[in-house]
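Note on naming: letters A, B, ... go to the chains in the order of the sequence lines (proteins, then strands), and numbering restarts at 1 for each one.
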2 protein chains.
Amino acid sequence: MRIGELAAEAGTTTRALRYYESRGLLPARRDGNGHRTYDERDLAQVRQIRTLQDFGFGLEETRPFVECLRAGHAEGDSCPASLVVYRRKLEELDSMIERLGAVREKVARQLARAERARDELAAGAPAPGGPEPVCELGGRG
Amino acid sequence: MRIGELAAEAGTTTRALRYYESRGLLPARRDGNGHRTYDERDLAQVRQIRTLQDFGFGLEETRPFVECLRAGHAEGDSCPASLVVYRRKLEELDSMIERLGAVREKVARQLARAERARDELAAGAPAPGGPEPVCELGGRG
DNA sequence: TGTTGCCTTGACGTCGGCGTCAGGCCGTAG
DNA sequence: CTACGGCCTGACGCCGACGTCAAGGCAACA
């Protein structure tokens, strides 16, 4: 199969596949015309790459999985190096989720505080210490 | 105050401040030598930018807050446009956290499955359907 | 014989938020 | 006089994963 067909089968583009090759992730045979040719094993490798990328893995992080497939394993995560990447990614995900959760709480508290201040201003005091500043400097009306 | 001092006070760099200016976020007066001069209000604006960036806001997202401060408000989130950004960011954070949580579970399940397969292979069958493929192609030993 | 379609290589563009370097001005301290 | 520090502008570099364009080759089909 040629590069266009592989791209279609794997749900990606020819540009991405050439890029993988340039990174040493997807070596290609050539036919008489100099065109790249691939087989089912290459398709499995590309699918492995796409799956991991959907999980947020960087290209380099997919390398152990691809090499594991090329070594003949049925699954890309049958090799120790792949498991190491899994574990590292789990730690990354946990710390990212924790950080994002903390930020979420801070933003939520800021929003609640700002809304409270706005409501109090609207309800009670129509100018406690001078004229109100005008929001939206460059308003379009 | 000049740009170096402002950068030190705000915990950033002169390069970042000039970048903000180039984006129209931080207009600067000039002294006789053509040097940028700033006051306390500029400092407050820069601090607002940094705080939001620590929360993961992009520069453009800080703009309503900065303009709100420049309009004379004591807080950058006293204006409706800032609240809109808060709410949008909360939604983004929620969906990101949800996505990451789902990915985390998938990766954890993949890891568990792969470890189980490895253990079963090590314990039971030392070659059920042919020779084992060799992991780590380019091993360094 | 042209036209389409797929392929090739090479190289520059994208996005964000700056870092870093080059070349030069201004004021001050030794 | 010279060195140094801080400032100026302008421009290229960086990271990741490609997108996009240019210029050309080769095969099939009308």
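- Using a 4.0 Å cut-off, no side-chain N or O of B/Arg18 falls inside it from OP1 or OP2 of C/dG19.
- Clustering ILVMFWY residues whenever any of their side-chain heavy atoms sit less than 4.5 angstrom apart, transitively, puts B/Val103 in the very cluster that holds B/Leu93.
- A/Asp31 has its CG atom 12 Å from the C1' atom of C/dC6, to the nearest Å.
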Return all side-chain donor-acceptor pairs below 3.5 angstrom for residues 1-11 of chain B, not counting sequence neighbours, or 'none' if the list is empty.
residue	atom	partner	partner atom	Å
B/Arg2	NH1	B/His35	ND1	3.4

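- One atom, CD1 of B/Ile3, and another, P of D/dT9, lie 9 Å apart when rounded to the nearest Å.
- Residue B/Tyr19 contributes atom OH, which lies 16 Å from atom C1' of C/dT20 at whole-angstrom precision.
- With contacts defined as side-chain heavy-atom distances shorter than 4.5 Å, the pair B/Gln45/B/Leu25 does not qualify.
- Among residues two or more places apart in sequence or in another chain, the side-chain hydrogen bond (donor to acceptor under 3.5 Å, both in side chains) test is passed with A/Arg116 by none.
- For the helix from C/dT1-D/dA30 to C/dG30-D/dC1, the angle separating the two terminal helix axes comes to 40°, with each axis derived from five pairs and the value rounded to 10°.
- Out of C/dC7, C/dC18, D/dC18, the shortest distance to the side chain of A/His35 is found at C/dC7.
- Side-chain atoms of B/Phe57 and B/Val85, non-hydrogen and from C-beta on, do get closer than 4.5 Å to each other.
- In this structure, B/Arg15 does not reach the D/dC8 phosphate: none of its side-chain N or O atoms is under 4.0 Å from OP1 or OP2.
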Take A/Glu75 and B/Arg118 through the test salt bridge (charged side-chain N to carboxylate O under 4.0 Å, His left out) and record every step on the way to the result.
CA-CA 11 Å; A/Glu75 307 287 336; B/Arg118 177 201 59 182; over 6 Å; no
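- Residue B/Arg23 places no side-chain N or O under 4.0 Å from the OP1 or OP2 atom of C/dG17.
- Distance from the side chain of B/Asn33 is smallest for C/dC26 among the nucleotides C/dC26, D/dA27, D/dA17.
- The phosphate of C/dC7 (OP1 or OP2) has no side-chain N or O of A/Arg36 nearer than 4.0 angstrom.
- OP1 and OP2 of D/dA17 both lie 4.0 Å or more from every side-chain N or O belonging to A/Tyr20.
- Counting any heavy atom pair closer than 4.0 Å across all strands shown, A/Arg2 reaches sugar-phosphate atoms only and no base atom.
- Protein atom CD of A/Glu21 is 15 Å distant from nucleotide atom P of D/dC18, rounded to whole Å.
- Taking atom CZ of A/Arg29 as the reference point, atom P of C/dC7 lies 16 Å away to the nearest angstrom.
- Residue B/Gln53 places no side-chain N or O under 4.0 Å from the OP1 or OP2 atom of C/dG16.
- Of the candidate nucleotides D/dG19, D/dA27, C/dC7, D/dG19 has the atom lying nearest to any side-chain atom of A/Thr13.
- The nearest whole Å value for the distance from the CG atom in B/Leu17 to the P atom in C/dC18 is 9 Å.
- C/dC6 atom P lies 19 Å from atom CZ of A/Arg30, rounded to whole Å.
- The closest side-chain donor-acceptor pair between B/Ser95 and B/Arg99, if any, does not fall under 3.5 angstrom.
- With rounding to whole Å, B/Phe57 atom CZ is found 15 Å from C/dC18 atom P.
- Crowding of B/Glu98 atom CD: a count of heavy atoms from other residues, nucleotides or ligands under 6.0 Å not exceeding 12.
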